[in-house]
A.B. asks: 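Can you keep this structure in mind? I'll have questions shortly.
Values reported hereafter were calculated over all heavy atoms of this structure, with side chains retained and with hydrogens, waters and symmetry mates removed. Order of appearance sets the numbers: ligands from 1, and atoms from 1 within every ligand.
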Amino acid sequence: MTQARAVRGTKDILPAEIRKWRLAEERARTVFGRYGFVEIRTPILEAYELFARGVGEATDIVHKEMYVLERGDERVALRPENTAPVVRAYLEHGLAHDPRAERMFYIGPQFRYERPQRGRLRQFHQIGVEVIGESEPGSDAEVVAMALDYLTSLRLRDLTLHLNSVGDANCRPAFREALRVYLEPRLPVLCADCRRRYDQNVLRVFDCKVAADREALAAAPVIGDHLCPACADHHAAVKSALAALGVAFTDAPRLVRGLDYYVRTAFEVTAGGLGSQDAVLGGGRYDGLMATLGGPDLPGLGFAMGLDRIVLVLPDDHPDLEPEGVDLFLVGVGAEAHGRLARLAQELRGAHLSVRYDFRPRALGAQMRRADRLRARVALLLGEAELASGSCILKRLTDGHQETVPMAQVAAAARRLGRLPPHGEER
Ligand code: HAM
């Protein structure tokens, strides 16, 4: 029999890595909470139409990468992103009446049929935020500042914020025209996808990954030279709001992002140590999206971060990673002492300590080796002498320091020896 294997482009998140995932997720809840964001959880399955309309039929994400399923007369997709679903949920539940829904965040898997490589998966995970109803440039700046606040607290290094404005329905038509004029003589050398993009949605040529096409695009006009006064003003105001918050950025005139809903502000953050897939975050403003999905014309903006990428570069020695291993490992020497361990373990768990012990009464040395392997902070030794005196020996495994303590004080003494927080303020 061949051994069962995971689907290409998917990944198991194993016990050895889970502390980083938990830190990244918990930190998002904490930091985003400080900015007034509340969590939302939407389904993984959505109607195909939602993404065709919301993200854009001509985008690579919808056209080439979306997992589409047909069941009966339904056509559904595994969500490739979560902005369109959150806006859908906002409309469907009339969340305009719920002030909590002005600022929402989500954590969860997304699916794109891309060529897998380091930092690029077919099932990946995003932490994202969506702000509904805020049109002021100060809001753009605050959302970006929050993203950097979060990434910095995770100690990611070489963070760079790339900022652009992609204009809006007023100024984009003229830019599209300028781009078409530039591309027309070059069409014969462009790939088939770019020729399709030229006809359907010319801005998407900037998504092209073909090296020769990228070269042909190097001297293409940039949207920044074609912004209408309102978009130019907004962009300038976002930049000065960022400066006022002390957030450094790099102008990225060719940043257009791979989703059609963006207007005005678009940004990405790259981090060091990731190689070619170095964008840990992408986002921007999407003022027309809600109307496209059949709702009122409310503005919106947000970003999503690749959690898989964040975890790849989160330092192993981050001081806020949960400690590994159990608090206590119980060792029983002799049948009678060993027979007491089950009950003792339950009592200590009742005092909020994490406890393990061996069900089989093995030799002292074997039990101590297991305590080490489980990275117990403290071993509790119980033998005949201790049973007789109603005490036990606690041994700190990092340095071998040990003390004999009365049974009644075991939990408190174990906390002290293991340098654990006092009962009542557990991790
Ligand atoms: P996106 O740029 O397509 O934007 O994705 C955001 C982030 O998700 C990327 O910067 C990257 O870190 C991560 N990511 C994307 N694809 C993959 C993949 N195949 N493997 C691993 N990580 C990946 C969006 O999805 C928008 N919905 C963001 C947004 C929210 N805009 C406004 N609100």
A.B. asks: In the protein, which heavy atom is nearest to atom 1 (P) of ligand 1, and how far is it?
C.D. replies: Arg257 NH2, 3.6 Å
A.B. asks: Does one side chain, of Tyr286 or Glu130, offer a donor that lies under 3.5 Å from an acceptor on the other?
C.D. replies: yes
A.B. asks: Flag this pair as yes if the NZ/CZ of Arg122 is under 6.0 angstrom from the six-membered ring centre of Tyr113 and inside a 45 degree cone about the axis; otherwise no.
C.D. replies: yes
A.B. asks: Return the residue, atom name and 0.1 Å-rounded distance of the protein heavy atom closest to atom 14 (N) of ligand 1.
C.D. replies: Phe124 CE1, 3.5 Å
A.B. asks: Could you check atom 26 (C) of ligand 1 against the protein and tell me its nearest heavy-atom contact, residue, atom and distance included?
C.D. replies: Tyr261 OH, 3.3 Å
A.B. asks: Going by the order shown, which atoms of ligand 1 are within less than 4.0 Å of some heavy atom of Gly283?
C.D. replies: 31 (N)
A.B. asks: Where on Leu281 is there a heavy atom closer than 4.0 Å to ligand 1, on the side chain, on the backbone, on both, or on neither?
C.D. replies: backbone
A.B. asks: Please name the residue in the list Glu17, Gln123, His125 that meets the side-chain contact (heavy atoms from CB on, under 4.5 Å) test with Lys11.
C.D. replies: Glu17
A.B. asks: What I want to check is whether the side chains of Asp287 and Tyr261 have a donor and an acceptor closer together than 3.5 Å.
C.D. replies: no
A.B. asks: Of all heavy-atom pairs between Ala216 and Leu190, which one has the smallest distance, and what is that distance?
C.D. replies: CB-CD2, 4.0 Å
A.B. asks: What is the closest protein heavy atom to atom 5 (O) of ligand 1, and at what distance does it sit?
C.D. replies: Gln126 NE2, 3.2 Å
A.B. asks: Considering only heavy atoms, which of Ala279, Gly302, Gly119, Gly284 lies nearest to atom 9 (C) of ligand 1?
C.D. replies: Ala279
A.B. asks: Is the shortest N/O to N/O distance between Gly306 and ligand 1 below 3.5 Å?
C.D. replies: yes
A.B. asks: Is the Tyr150 to Phe32 ring centre distance short of 6.0 Å?
C.D. replies: yes
A.B. asks: At under 4.0 Å between heavy atoms, is it the side chain or the backbone of Arg120 that contacts ligand 1, or both, or neither?
C.D. replies: both
A.B. asks: Is it the case that the side chains of His93 and Asp98 hold a donor-acceptor pair, with the cut-off being a distance below 3.5 Å and no angle test?
C.D. replies: no
A.B. asks: Output the list of atoms in ligand 1 that are nearer than 4.0 Å to some heavy atom of Glu81, sorted by atom number.
C.D. replies: 25 (O), 26 (C), 27 (N)
A.B. asks: Return yes if some donor-acceptor pair links the side-chain N/O of Gln367 with the main-chain N/O of Arg362 below 3.5 Å, else return no.
C.D. replies: yes
A.B. asks: Which bit of Arg122 gets closer than 4.0 Å to ligand 1, counting heavy atoms only: side chain, backbone, both or neither?
C.D. replies: neither
A.B. asks: Provide the number and element of each atom of ligand 1 under 4.0 Å from a heavy atom of Val280.
C.D. replies: 10 (O), 12 (O)
A.B. asks: Which of the atoms of ligand 1 are close to Gly282, meaning less than 4.0 Å from one of its heavy atoms?
C.D. replies: 10 (O), 28 (C), 29 (C)
A.B. asks: Determine which pairs satisfy side-chain hydrogen bond (donor to acceptor under 3.5 Å, both in side chains) with at least one residue from residues 312-321, sequence neighbours left out, and list them in order.
C.D. replies: Lys20-Asp316, Arg27-Asp320
A.B. asks: Give me the nearest non-hydrogen protein atom to atom 19 (N) of ligand 1 as residue plus atom name, then the distance to 0.1 Å.
C.D. replies: Glu114 OE2, 2.6 Å
A.B. asks: How about Asp260 and Thr59: does a side-chain donor come under 3.5 Å of a side-chain acceptor?
C.D. replies: no
A.B. asks: If you count the atoms of ligand 1 from 1 in the order shown, which ones are under 4.0 Å from a heavy atom of Glu130?
C.D. replies: 30 (C), 32 (C), 33 (N)
A.B. asks: To the nearest 0.1 Å, how far is atom 7 (C) of ligand 1 from its closest protein heavy atom, and which atom is that?
C.D. replies: Ala304 O, 3.5 Å
A.B. asks: Side-chain donor-acceptor pair under 3.5 Å between Tyr106 and Thr42, yes or no?
C.D. replies: no
A.B. asks: Suppose we screen for side chain to side chain donor-acceptor pair (under 3.5 Å). Which residues come up paired with Arg197, at least two apart in sequence or across chains?
C.D. replies: Asp60
A.B. asks: Looking only at protein heavy atoms, which one is nearest to atom 31 (N) of ligand 1, and how far off is it?
C.D. replies: Tyr262 OH, 2.6 Å
A.B. asks: Taking a cutoff of less than 4.0 Å between a non-hydrogen atom of the residue and any ligand atom, is Asp308 in contact with ligand 1?
C.D. replies: no
A.B. asks: Considering the heavy atoms of Tyr286, write down every atom of ligand 1 situated less than 4.0 Å from one of them.
C.D. replies: 32 (C), 33 (N)
A.B. asks: Compute the shortest N/O to N/O distance between Leu259 and ligand 1 and return yes if it is under 3.5 Å, no if not.
C.D. replies: no
A.B. asks: Would you say Arg118 and Gln277 are linked by a side-chain donor-acceptor pair, where the criterion is simply a distance under 3.5 Å?
C.D. replies: no
A.B. asks: Please write down residue, atom name and distance for the protein heavy atom closest to atom 30 (C) of ligand 1.
C.D. replies: Thr83 OG1, 2.9 Å
